[in-house]
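Written out below as structure tokens is the structure these notes cover.
A note on names: the letters A, B, ... follow the listed sequences, proteins ahead of strands, and every chain is numbered from 1.
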Amino acid sequence: MHFHLEATDGRARAGLLETPHGTVKSPFFMVVGTAASVKGMTIEQLHNAGTQVVLANTYHLAVRPGSEEVRKRGGLSKFMGWNGPTLTDSGGFQVFALAKKRTVTPEGVRFNNHIDGKELFLTPERAVEIQQDIGADIMMCLDECPPAKAPRDDIATSMLLTHAWAKRCKEKWAANPGGQALFGIAQGALFEDLRKESAEYLASLDFPGYAIGGVAVGEDTSDIRRIVDFTAPLLPANKPRYLMGVGTPADIIAAVRAGVDMFDCVMPTRHARHYQAFTREGPINLKNARYAEDDGPLEDGCDCETCRSVSRAYVRHLALLGELMASVWVTIHNVRFYLRLMENLRAAILAGRLEEVAAELYHG
RNA sequence: GGGAAGAUGCCCGAGUGGCCAAAGGGAACAGACUGUAAAUCUGUCGGGCCCCGCCCUACGAUGGUUCGAAUCCAUCUCUUCCCA
């Protein structure tokens, strides 16, 4: 995998990331499709929205249908009919999200899965194996994602475990790299010294790309900004930098300015299912009574299929009835909103006008 | 014409003397959601106020029994069902 930097504007970067399934223009947002499906969107709709990369999840696919099945179906990208670049998260986030269903030991994470309770033992090596079966262009190291508010000692211990696992993942992957890339994940929560230590250790392992993990797991927005601002520049400049799980449009803009290249977040799709649409003026809840007679599009001037087709009043009508299409219409819009935001950020960086443009792109 | 059951807050529906402004649903209104156990979850939901408490109005209508009634009694109105 090769990352080519095209331009910088301040600390922000625009680049090209070459993957086995095509070249991706950065900075970019990866649409989350955990179980090999972006909830509420067809492949054609994803293409029309300008999707570049789809993200799926190791844990979920290992539970169902099983990574071996995905491999036999031709790998994630082909299996889901996407045929474009993909990335798989390692299951590290499930250490956080499914805290009640797992046990962490130095060897790995033992899950009792959320579907039928059956055991899934995810070691660093196993996480890589599974991801090799799934076949995403980018794999992530297994990490331990602790809650941001955990005591410093816990965060430090957790970070060292993540480092040990990163080394094991690296070795497992390096033995048979194939065309897939493997990214390391820096931890350290809100402690700058730990973040620095983590970034430096991971850099020493020499990964094709680096992620900032352990963000947006219970901390305030101001802390997210502070730690991303601090950490991003510590990651190798010639490699892609990925901020995992973030976030709001404002978070993303701030992170791009800090030098982050890649993002993913469930926000556009999940919020859409809950009838919240993003606009450059901020999010709006389409179930609110104030939109009952609003014949305008979800967002003024938006070029998405939803905004070209239906009104706020209509989507509200569907939402009130719980109609499936209410969520679909908003999902199409939100995904396009996020992807257009990234396109605009990239264009601004290439034009060297990020500072002037950033403020206009979003004021929610 | 005779008999039976029933009328509860926007709707459905518990409640048969005090702990009832009244369970539980639904609707409505609002909020949350950041590497997806989430088409989910939470709050409000008769009115008013000096709103962790008080006042008013309320369980078909009117009158009564009682210290006290959505709950008991009488009459009336309406609804449903059964027999003619």
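Not one side-chain nitrogen or oxygen of A:Gln276 sits closer than 4.0 Å to the OP1 or OP2 atom of B:C33. Residue A:Asn288 has a polar side-chain atom (N or O) positioned under 4.0 Å from OP1 or OP2 of B:A30. In this structure, A:Thr34 reaches the B:U36 phosphate: one of its side-chain N or O atoms is under 4.0 Å from OP1 or OP2. The shortest distance between the side-chain N/O atoms of A:Arg273 and the OP1/OP2 oxygens of B:A38 is not below 4.0 Å. Proximity of A:Asn57 to the phosphate of B:U36: a side-chain N or O atom is located under 4.0 Å from OP1 or OP2.
Listed by residue number, A:Arg316, A:Leu320, A:Leu324 are the residues of residues 312-325 of chain A with a heavy-atom contact under 4.0 Å to RNA chain B. Within residues 124-151 of chain A, the residues that have a heavy atom under 4.0 Å from RNA chain B are, in order of number, A:Asp143, A:Cys145. Using a 4.0 Å cut-off on heavy atoms, the residues of residues 186-206 of chain A that approach RNA chain B are A:Gln187, listed by number.
Across every strand in view, B:G68 sits unpaired, with no contact that passes the Watson-Crick or G-U test at under 3.5 angstrom. Checking B:G53 for Watson-Crick or G-U wobble geometry (two distances, each under 3.5 Å) identifies B:C49 as its partner. B:A23: no Watson-Crick or G-U partner with both key distances under 3.5 Å is found in any strand. Base pairing of B:U40 is made with B:A32, judged by Watson-Crick or G-U wobble geometry with both donor-acceptor distances under 3.5 Å.
In this structure, A:Glu68 pairs ionically with A:Arg71, as a charged nitrogen and a carboxylate oxygen lie closer than 4.0 Å. Using a cut-off of 4.0 Å between Lys/Arg side-chain N and Asp/Glu carboxylate O, A:Glu192 and A:Lys196 are scored as not salt-bridged.
Between A:Phe96 atom CZ and B:A37 atom P there is a gap of 10 Å when expressed in whole angstrom units.
Between A:Phe337 and A:Cys302, the closest side-chain pair of non-hydrogen atoms is not below 4.5 Å.
Between the P atoms of B:A21 and B:A69, the separation comes to 12 Å (whole Å).
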